[in-house]
Amino acid sequence: ERDYISIVGSSTVYPFSTVVAERFGKSTNFRTPKVESTGSGGGLKLFCSGVGDATPDITNASRAIKSSEIELCAKNGVTDIVEVMIGYDGIVFANTAAAPHMELTRKDMYLALAKMVPAQDGSDTLIENPYKTWKDVNPVLPAKKIEVLGPPPTSGTRDAFVELAMEGGCKAFPFIKAMKDSDKNKYKAVCHGLREDGAYVEAGENDNLIVQKLVANPDAFGIFGFSFLEQNADKVQGSTVDGKLPTFDAISDGSYPVSRSLFFYVKKAHVGVIPGIEEYLAEFTSERAMGEEGYLADKGMIPMTDKERTRVLKTVKNLTPLAAK
Amino acid sequence: MNYSSLIIAVLILLGGAYLLGRNRARAIASQGIRLHSLPTHYGALMALWTGLPPLLLLLIWGLAEAPIIDHLLIAQLPEAIQQGTSSEIQLTISKVHNLAIGAGIDAAPELEPAVRHLIDLQQRTLLLHSGMVLSLALLGIALTWRRIKADMRARTEVESIVRRLLFASSGVAVLTTLGILASVLYEAWQFFGKVSPFEFLFGTTWSPQVALRADQSGSSGSFGAVPLFAGTLLISLIAMFIAVPVGLMAAIYLSEYATPTIRQYAKPALEILAGIPTVVYGFFAALTVAPVIRELGESMGLAVSSESALAAGLVMGIMIIPFVSSLSDDVINAVPQSLRDGSYGLGATKSETVKEVVIPAALPGIVGAIMLAVSRAIGETMIVAMAAGLAANLTANPLDSVTTVTVQIVTLLVGDQEFDSPKTLAAFALGLVLFLVTLVLNFVALKVVQKYREQYD
Amino acid sequence: MTNTSMSTREKVEKSMVRRRAAEKRFRVYGMASVLFGLLCLVGLFGDIINKGASAFRQTVIQTEILIDADYLGINKKADDQEIRNADFEGLIKQHFKKLVQPEGRSERRMLYSMISAGAAWQLQEAVMLNPSLLGQTMSINLIADDDVDQWFKHDRGTELHNNRMNETQVKWLEQWIEQGMLKTQFNTLFFVNGDSREPELAGIRGAITGTFLTLLVTFLLSFPIGVAAAIYLEEFAPRNKITEFVEININNLAAVPSITFGLLGLAIFINIFGVARSTPLIGGLVLTLMTLPTIIISGRAAIKAVPPSIREAAFGLGASKMQVVFHHVLPLALPGMLTGTIIGMAQALGETAPLLMIGMVAFVVDVPGFVNDPSTVLPVQIFLWSDSPERAFMERTSGAIMVLLGFLVTMNTAAVMLRRRLERRW
Amino acid sequence: MSIIENHKTNGAAFCENPKLKARDVGVFYGEKQAIFDVSLDIGANEVIALIGPSGCGKSTFLRCLNRMNDTIDICQIRGEILLDGENIYDPKVDVVPLRARVGMVFQKPNPFPKSIYDNVAYGPRIHGLAHSRVDLDEIVEKSLQRAGLWNEVKDRLHSPGTGLSGGQQQRLCIARTIAVDPEVILMDEPCSALDPIATAKIEELIDELRENYTIAIVTHSMQQAARVSQRTAYFHLGQLIEVNPTDQVFTTPQHTLTEAYITGRFG
Amino acid sequence: MSIIENHKTNGAAFCENPKLKARDVGVFYGEKQAIFDVSLDIGANEVIALIGPSGCGKSTFLRCLNRMNDTIDICQIRGEILLDGENIYDPKVDVVPLRARVGMVFQKPNPFPKSIYDNVAYGPRIHGLAHSRVDLDEIVEKSLQRAGLWNEVKDRLHSPGTGLSGGQQQRLCIARTIAVDPEVILMDEPCSALDPIATAKIEELIDELRENYTIAIVTHSMQQAARVSQRTAYFHLGQLIEVNPTDQVFTTPQHTLTEAYITGRFG
Ligand SMILES: Nc1ncnc2c1ncn2[C@@H]1O[C@H](COP(=O)(O)OP(=O)(O)OP(=O)(O)O)[C@@H](O)[C@H]1O
Ligand SMILES: Nc1ncnc2c1ncn2[C@@H]1O[C@H](COP(=O)(O)OP(=O)(O)OP(=O)(O)O)[C@@H](O)[C@H]1O
Ligand SMILES: [Mg+2]
Ligand SMILES: [Mg+2]
Ligand SMILES: O=P([O-])([O-])[O-]
């Protein structure tokens, strides 16, 4: 007999989802929703486990739902799922503010962090990554040891980083790009494989910890979400990627190349059963929350363009389920 | 009456039953008849029969009430919904519940009968189950009252009930084990359908990154768990290297050397170390200890990775000190003074007495304490995740970064996952294997203790 | 023979140099170990207190504000719902706009971002309590935004500063400081509020209550069951393969990674028995399973340490097994059992991982009233805050850790005092 | 050793009015046999002394008589022991009332880590022998008096029993046993820690108790055996060599081993 | 009680060639005084018997002589005790070699939870008395033989000492003490758990030891005191009433209390 909204899912969306939940709880007569941080996959698993008040009404995700998950949902009687995109999360590559600022290209990142890189002789062969310092990668960079603290394979942030930064970099090599058509698997392996010789350090999912580790170790770089950069601008600085600094505007207009979309999914069947779901959706998609100057932007979420938002608003208003799209 | 007031009512009845039983027995005894057992035994028996069945009923009722009510509700739903799928029914019932408490959803006239029925049902069941519970309690009183006779073996009966309760308690541990096995076995089984157990157990590369999304990298991932076990071993060894000597020496100092006042304060102070949240230790290891180690190592010309097994192990060692110190202190304290006297009387120094007489006498308990500490070290996650990283290196160098089984379990289960991908299932397989490995370890430890256990007195 | 005797004495004397040194060393090792442990404790505490002490103070802006009934569109007879719907936020914005006269949209935004969202709720609450304030000017300490709070407490006058306060804002702040408007006060909200996403409004009351309820469930289940199991296994169980298996099993459970208990709780309690997620009840059940092995193992060690002669004496008087156990063995073993309980409960108090699986790693604003209300616990709160981007959550994390440690110390002190009363050497 | 192989107990192992009857009792500690086929009657209202060299099994045999051996895991018993004609090793028998009827004083004093008062009051309490506090006080006082300890401890009844001297502890244990008012009392060297005066008191007590109770006493003192017992049983390496009226054992022992032992020419 | 107030010890408390001298020794357990101003010499190569009713302070006094009382927290000592003229309570004195020189056998046998062999070898090992395994074997065997235990345990030297019978345990403790080859041996009722034969062996041992050692023995057996000791000290309620050559004490006791005690007319 649950009379409050139950939300699960992504730890990346959690900070945004909770602000909305709190405002919603304070400004309406409904109880404040309960928001669990379970990770995108964990959230979807719970979400898809069935309908009824023992299951969550909404799940947050830092990636789009997968077809296998839609099938699982369907198998358990969860059919009408409404997808709501909420904005973007920039992924930054940063080091301590005390050290010199870095200007990188995606190619540099690829060469510095990939497991397999093109041989230095310029031939179209791949070798184990031999680079020890940034200077080895690109002569204009400083001769500092490559040491990058980043999220583990299970993290959505890492997926996005690998896909957007690394793959973007490896595409710069024509013979690798060609692989995409000939041997897709190999292409992915080459572009997405991070080195495992200690240059890339898997450092858990606590981004604050990474920030503080960077402060303690001037040589190290870290990969984490934009909001942490914003809040710690005195301690760490975001490296330029392909000539773009990770700023609010650059991410929002899409010119900063490494960012990903954030979503949540609503169980349509619960609307009208669990009180307040529609009102929560309304709050989330309102101008004061999601708008360009909304409070979500204050919390570090990068808002969508107006066009995108109009589409989202329509979906929410009609509660258009996924399949019907 | 709601649950808590019912429980209180039963407890009051139970107390009354005790007095009643005891007084009845006393009354019989005062007629000069010799009782089989003490009056208090009759009281206790009466209390047990008064309290246990109703509390058991309450428990079962609590578990069964919701499904039964829901079942009864279905009959009241509109035909159309009754014909629907089970999820539709489920939803409607949720809705009826929320309507019944007036939780602010739009009213639905077709559900009105069901809502009224629910409110009615809830009132009636409340009455019913309070009635049943209380009458069961009274029944217990009445029946036991009639049974109380001089030759009734109240003590034997009480003891056999208590014995069963004790037995059931130890059964909880076994059930937990079965539960754990049950909750990991299915998924582990599925995992071994996808990855060969041989590769899993003997493979030396751990890289669980398999495609979670259709458009993700297609590398098949490798699931060789050896580096994880090696990492667990390495970190636990480092932790034990700190915790065992420090903990044991602290225990010895506190129980044999320190003044009672020092012991009185130092022992609980050390125990606090066990309760500091592991997040705090994690920060401490990652931000205080690790940089120090790195700088020290680098000043000596050693290559130290910024996330080292050493940092995590050291801090974990600190955390488990109290497991060794406090539990050992207790067993050391329990060694009879006469043994110490025997040794002192021969001219042994305190340290000789401790090493030769006290420790051997307390050995089983000390080994138990150490095993508990080892267990805790093996099971610890947060510190390693924060300070030793997640990279599965197969190395014996404490200055390298390693990862442990538990850290992998947690990252696999907490990070992004997919219910049927080997990446997620691997967590369950790891859990199962870890469970079996520690089982063997404990078996060995038990055998060792049995061999060396020496009874004193 | 006198010769031999002399030589014995000489031998002893000769050995004394070495042994005295060994004795001294041993003693020093012991003392060093205790000191090491205590130093670690002091170091950790010092670090936390150093980081977290400032969490107990909150920056406020003292101001005289007119509660403009017309602007709010409500009158003195307004009910709570109407008051709730009134735009207090706008009122505050109006007020501050008048105060500093920002130029243009961006400066207005800067200004508004300096006042906490809680300020509007503060006013709202004041009016709800006392509708007669409508239309009057009241003096109130409005909560400042966390960025202002951080700036005022830590960054004022330093170069190093995350650019969350720009020059204009600093100018206004300096002005307020001059006027005596900006000051810090004891952070009561930290203790009376539930969780919030606004650091300046975030409090630990919900987490503390959740922790208390969770630990209560844990203790009420694990202590009796643990003690009973220890007694059964040590005193009643027949010595055979099965007992041995159970013993190994329990030892093994202690090594099971805590998250596994979360999986178990999810599979058994939530999925089969239908216990609600995210409640102290399910948390307590899971932590009970985790704590039990510690209590059972230490309990058994304590029972083993009771000398057999005491049992014999009681048996010889015709005490039944049960009486021997409950009258003699248990009282002597209780201190040891308490130690296990103290450590086990302390461990439960600091645990996060298993709670992840059962939905306690959650944002819960309302303070739980009973064991079946959604709630979170202190370590989880700490874990969540420590992973929040807002800088101000850092000191609150440490503040919450201090509270947790306070909780721990209180809990341990009670248990330790009990243990001390029960302890005796024989 | 060959002299005692396939032995038969000499003398009169059986008596007319037996309270306790042991029949072919054999006791094993694991592999090791400590008692071999002992058959012996202990008559009502008699004091029987068990004597024999150290380690011959006196304590072991004594412990069989109230099933105290049950508490030693590795201890196994064969044969039967009948108390008032009922086999105490019958599975139906409850050891609790049995031990209340057959009390025991142990070789090593083992007071509970409780107060002196509580040590003595424990038995009466668990058996419900006192109906009121006053009753209990009386039982405690009387028992302590009979054990000759009252004067020494009456001012500190509530200080711990473990703080007493060795002899005081032993007397406390005796007081504790008689407080339960058993029918049979088994005493394992009750006076070994006692001075002559205390010993005399205990011997007096034994004499006094004999009127109503049956007593088996293990002692190393021939004099004591001679003073207090009516019959004496001589054990050797787990075998019951000879049982006879006490004066007869000490004046005209039947078996050479008995003779060797009592004249101290042994070994 | 008035008869012993402000007492002076009767007889010859001092001797010519004292090994140990106690001067005005008073012992307190917390508030309670257990020994009152005892002054007594124990001569070299003599056996002194300490007798007296249970609880009179014999054990307490004995434990003062090698500072075993140090291990009891609440125990406080006044006065001085000199070993070969040196005050053993001097803060400079190390109790460890002191206790090696003044060995002790306790009233309750307390074997270590180790093997029989290790029980005996413990002392020589820690004091470094044996240079080799063979040496040690020899010491162990000799000590066990002297304590009359060798034959009974020689086949199970490596089984635990706690599995022995009461008397065997006591002899093991004696063997353990003499293995350290102390100058003074303090024995607290060493034979109380022993049968006459074992007792005789221990008495023989005491006789033999006397040639080289000084021995103080607490006993409840007048006969034993008479057999083994040269002088006898009679304690009463913490006071040393009388010290005299043993035969004199038993034939012509000086003090009425002594007389009452030895004739058993006491109390
Ligand atoms: N718990 C035990 N485990 C193994 N053997 C034992 C145990 N108790 C006694 N024994 C052995 O059984 C034999 C008989 O022992 P028991 O204690 O009955 O001797 P006893 O006649 O009482 O000797 P004492 O006069 O020295 O007390 C001895 O050889 C002893 O070592
Ligand atoms: N640890 C202690 N704490 C308190 N009082 C004690 C302690 N040990 C002994 N006493 C008391 O000191 C007095 C002397 O005790 P002690 O053990 O010296 O007597 P004893 O002469 O050896 O008697 P016994 O022949 O019975 O062994 C007794 O009254 C005893 O109760
Ligand atoms: Mg015996
Ligand atoms: Mg004594
Ligand atoms: O928790 P995430 O799925 O957003 O990484």
Side-chain angles (χ1 to χ4, degrees), chain B residues 248 252-267 328-369 447-457, chain E residues 59 62-63 65-74 94-115 118-129 159-163 169 172-188:
Chain B
L248 200 55
I252 290 168
Y253 184 80
L254 290 181
S255 59
E256 302 289 324
Y257 288 94
T259 63
T261 340
I262 291 184
R263 176 165 183 267
Q264 190 180 322
Y265 290 104
K267 187 178 175 185
S328 304
D329 175 84
D330 281 336
V331 280
I332 288 175
N333 206 43
V335 172
Q337 184 63 27
S338 68
L339 283 186
R340 292 187 183 85
D341 281 356
S343 177
Y344 294 145
L346 290 173
T349 62
K350 245 185 174 157
S351 61
E352 285 159 355
T353 306
V354 168
K355 280 185 271 191
E356 302 283 339
V357 177
V358 177
I359 298 287
L363 200 63
I366 292 175
V367 173
K447 287 293 160 196
V448 172
V449 171
Q450 273 178 351
K451 189 150 176 238
Y452 290 103
R453 175 172 189 189
E454 314 213 44
Q455 187 68 275
Y456 47 79
D457 195 35
Chain E
S59 299
L62 209 63
R63 291 168 65 101
L65 300 180
N66 69 345
R67 293 188 53 179
M68 276 308 293
N69 276 334
D70 287 13
T71 64
I72 300 172
D73 280 343
I74 53 165
D94 185 351
V95 293
V96 171
L98 169 70
R99 292 194 190 129
R101 290 172 64 193
V102 186
M104 177 143 200
V105 177
F106 294 86
Q107 192 165 0
K108 279 195 208 178
N110 52 357
F112 302 130
K114 295 172 178 287
S115 73
D118 287 336
N119 260 282
V120 183
Y122 177 70
R125 260 196 200 127
I126 57 171
H127 294 301
L129 301 186
S159 58
T162 40
Q169 287 187 8
L172 181 63
C173 292
I174 295 173
R176 187 172 75 178
T177 306
I178 56 178
V180 184
D181 196 22
E183 296 161 37
V184 181
I185 303 179
L186 311 173
M187 296 181 160
D188 200 349

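By convention in this document, chain letters (A, B, ...) are assigned in the order of the sequence lines, proteins followed by strands, and residues within each chain are numbered from 1.
- For the atom pair B:T349 OG1 and E:I126 CD1, the distance stands at 7.0 Å (nearest 0.5 Å).
- Here the shortest heavy-atom pairing between B:P360 and E:K114 reads CG-NZ, 4.4 Å.
- Residue E:R101 does not touch chain B at all, counting heavy-atom pairs closer than 4.5 Å.
- No part of B:T259 comes within reach of chain E, as not one of its non-hydrogen atoms sits under 4.5 angstrom from that chain.
- Between E:R125 and B:E356 no salt bridge is recorded (no basic side-chain N to carboxylate O distance below 4.0 Å).
- Expressed to the nearest 0.5 Å, how far CE of E:M104 lies from CG of B:L346 amounts to 11.5 Å.
- Within the 4.5 angstrom heavy-atom criterion, atoms from both the backbone and the side chain of E:F112 approach chain B.
- Looking only at side-chain heavy atoms (C-beta outward), E:T71 and B:R340 stay at 4.5 Å or farther from each other.
- B:S343 and E:Y122 are linked by a side-chain donor-acceptor pair at a separation below 3.5 angstrom, with hydrogens and angles left out of the test.
- With a 4.5 Å cut-off on non-hydrogen atoms, E:V102 touches chain B through its backbone but not through its side chain.
- Summarising the geometry, atom CG belonging to E:N66 is positioned 13.0 Å from atom OH belonging to B:Y344; distances are rounded to the nearest 0.5 Å.
- With hydrogens and angles disregarded, no donor-acceptor distance shorter than 3.5 Å links the side chain of E:N110 to the backbone of B:L339.
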